[in-house]
Number of protein chains: 2
Amino acid sequence: VSGVQLEGYVLLQGRLVRADRARVSVFDRGFQYGDALIETLRIDRGGIIALEPHLARLTASARALGIPLPECDWARDIGRLIERNGLATSEAWARITLTRGVGPRGLLPPTVATPTRVVSCGRIDPGLLEARRRGVAVIRLGFGRGAALGEHKHPFYMPSIVGKEMAAARGAFDGLFIAAGAVQGATTANLFAVVGEELIAATGAGVLPGVTRARALTAAQALGMKVGRRRLAPSTLVSAREVFLTNSLFEVVPVVRVDGIRVGSGRPGPWCRRLQAILLGESIR
Amino acid sequence: VSGVQLEGYVLLQGRLVRADRARVSVFDRGFQYGDALIETLRIDRGGIIALEPHLARLTASARALGIPLPECDWARDIGRLIERNGLATSEAWARITLTRGVGPRGLLPPTVATPTRVVSCGRIDPGLLEARRRGVAVIRLGFGRGAALGEHKHPFYMPSIVGKEMAAARGAFDGLFIAAGAVQGATTANLFAVVGEELIAATGAGVLPGVTRARALTAAQALGMKVGRRRLAPSTLVSAREVFLTNSLFEVVPVVRVDGIRVGSGRPGPWCRRLQAILLGESIR
């Protein structure tokens, strides 16, 4: 079907399957309707970072949406998969996809559904590790992520794909979603800004409650930083002392340019560095 | 994997495949990222209704998003499938799903992608035919469809699923999306209201440019109706003379109750009936 090489293994319904043979029904509601949830986790030399809050979010969203939760040991599953793919000594990612399973046509979920669960994994792109050290340039996009059910981590990435492509076309690492006059974050990351003596976590409709965002807020409070959660105007970014992004794959990435304009000194700032040290230190233990 | 019975055949990459054996890779970008487009068409005794505008929308969206368009004869494909499934004398639906195909992990599309195309079909639910005759009750939802890339018919139906479930729980046919103080439409249909002597097509961010909506507007103009395209406040609906929904499966369905409140006479109104006659007449030829 495709020229893309798929290597290694995935877990499909808890069973190890070669990646190039892992298939789901075209009637899977994940494929038909985006009726699915995902979680993406970082695995640091075999250790799963922040598994509990990821599973807590998955569980809460599945309950809210009525997607049945399979009985399974995610930690064991992810561990087996990482081992099987030879990633036990690497910095890796794992993605959980949980769909409502196969259903007949129609939006209303079937009364009895067997959820589909897939776990895939891979090595973290070295470009992300570099981004973490050096900082990145971003652009502001002319559109938002969409606020509908934005509190759930669902696999509707079309706005993110378009945003990433626009950023790449302008030589930037990522694009920032703007909706209703507020910055929602980057295409797959939450956004923070240091304004004056305060660390502000961008918030508002369509902002995903990121696991790393919550960990960064906790760490910032432990460090005695003054912390706020507010809507951030797009213009605030270029006058901020620091801007940075958080997600579970790269943890904390400094933003050094917004639309070509230097943020602060144009280099990763001290607040960002302190949070990186704590979050990455936490993960290394 | 599931207890759901899948009968008949689908077309996968243009080949007839038994429905219960039709599978796609878990790395298909449709499954991973919702990186896909869909079209749903009505087939009246073998005749595909409004194929051209459906394909025009699919083509325009695929070009805008950079999804490669496969070389294929959709009309022939749909015809073969309808025939094979024994639906050539029925009122049926066909759904086209076009994804960007299999890709490695990462939002940026692969430079060379082989799109995945699936066509499925089935008999139109007799409940829809009944709805068309009798009219339906709807409720107003407390949320919207999401406006991000809402001009494309992408398969992100999570808000629609939640809305349909809420409507069903209240004994209603469908729920109306409300965003930024305006009615966007029902979960899978556009909305019209007759206010005074004018037919208003609800418009605004997140409103899909429906094929049947466009056909209804053309028909209304041909009938000499005064036509407007405007944002509709949720409160307008209960004072409207008529309200109705359009989509490609049921064409035109009268709304006779909104949140339990009668619309107009509480029965399908004359403007709606005239448009039904034209649109269904058109389709019967």
Side-chain angles (χ1 to χ4, degrees), chain A residues 1-6 10 12-13 19-20 22-28 30-35 65-66 93 95 97 101-110 112-114 116 118 120 122 125 143-150 152 154-162 164-165 168 187-188, chain B residues 1-6 10 12-13 19-20 22-28 30-35 65-66 93 95 97 101-110 112-114 116 118 120 122 125 143-150 152 154-162 164-165 168 187-188:
Chain A
V1 173
S2 156
V4 177
Q5 286 286 338
L6 297 172
V10 303
L12 180 59
Q13 305 301 69
D20 59 356
R23 293 179 186 281
V24 291
S25 168
V26 299
F27 293 98
D28 191 286
F31 186 74
Q32 289 269 320
Y33 300 125
D35 193 5
L65 297 166
W93 55 265
R95 169 173 156 150
T97 306
V102 172
R105 193 181 186 285
L107 290 181
L108 282 176
V112 181
T114 306
T116 300
V118 181
S120 55
D125 176 0
F143 57 93
R145 179 187 173 226
L149 301 177
H152 303 298
H154 50 60
F156 176 55
Y157 279 95
M158 199 178 266
S160 296
I161 294 165
V162 173
K164 266 283 191 194
E165 287 187 298
T187 62
T188 54
Chain B
V1 172
S2 157
V4 176
Q5 286 286 339
L6 297 172
V10 302
L12 180 58
Q13 305 300 70
D20 59 358
R23 295 179 185 281
V24 292
S25 170
V26 298
F27 293 99
D28 191 287
F31 186 73
Q32 289 269 319
Y33 300 124
D35 193 6
L65 298 166
W93 55 265
R95 170 174 154 147
T97 307
V102 172
R105 192 181 185 287
L107 291 181
L108 282 176
V112 182
T114 306
T116 299
V118 181
S120 55
D125 175 2
F143 56 93
R145 179 189 174 225
L149 301 176
H152 303 298
H154 50 61
F156 175 54
Y157 278 95
M158 199 178 266
S160 297
I161 293 165
V162 172
K164 266 282 190 194
E165 286 187 298
T187 63
T188 54

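Everything numeric in this text was worked out from a predicted model, so none of it was measured.
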Stepwise side chain to side chain contact (heavy atoms under 4.5 Å, CB included) check, A:S25 with B:L6: CA-CA 10 Å; A:S25 168; B:L6 297 172; 4.0 Å; yes

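For B:L149, the part sitting under 4.5 Å from any heavy atom of chain A is the side chain, from C-beta outward, and nothing else. Of the two parts of B:F156, the backbone and the side chain both hold a non-hydrogen atom closer than 4.5 Å to a non-hydrogen atom of chain A. With a 4.5 Å cut-off on non-hydrogen atoms, B:V24 touches chain A through its backbone and its side chain both. Neither the backbone nor the side chain of B:D125 has a heavy atom closer than 4.5 Å to any heavy atom of chain A. With a 4.5 Å cut-off on non-hydrogen atoms, B:V118 touches chain A through its side chain but not through its backbone. Using a 4.5 Å cut-off between heavy atoms, B:A168 contacts chain A through its side chain alone, with no backbone atom that close. Contacts between B:R105 and chain A at a heavy-atom distance below 4.5 Å involve the side chain alone, from C-beta outward.
Interface summary for chain A: among B:T97, B:D20, B:L108, the most heavy-atom pairs under 4.5 angstrom belong to B:L108. Heavy-atom pairs under 4.5 Å with chain A peak, among B:G122, B:S120, B:P109, B:G144, at B:P109. Contacts with chain A were tallied for B:G106, B:P110, B:A19, B:G30; B:A19 has the most, counting heavy-atom pairs under 4.5 Å.
Aromatic ring pairs are classed by plane angle as parallel below 30°, tilted from 30° to 60° and perpendicular above 60°; the pair B:Y157 and A:Y33 is perpendicular.
Closest heavy-atom contact between A:M158 and B:G34: CE-O, 3.7 Å. When all heavy atoms of B:P159 and A:A148 are compared, the closest pair comes out as CG-CB, 3.6 Å. Considering all non-hydrogen atoms of both residues, A:R95 and B:Q32 come closest at NH2-O, 2.7 Å. Between B:L107 and A:K164, the shortest heavy-atom contact is CD1-CG, 3.8 Å.
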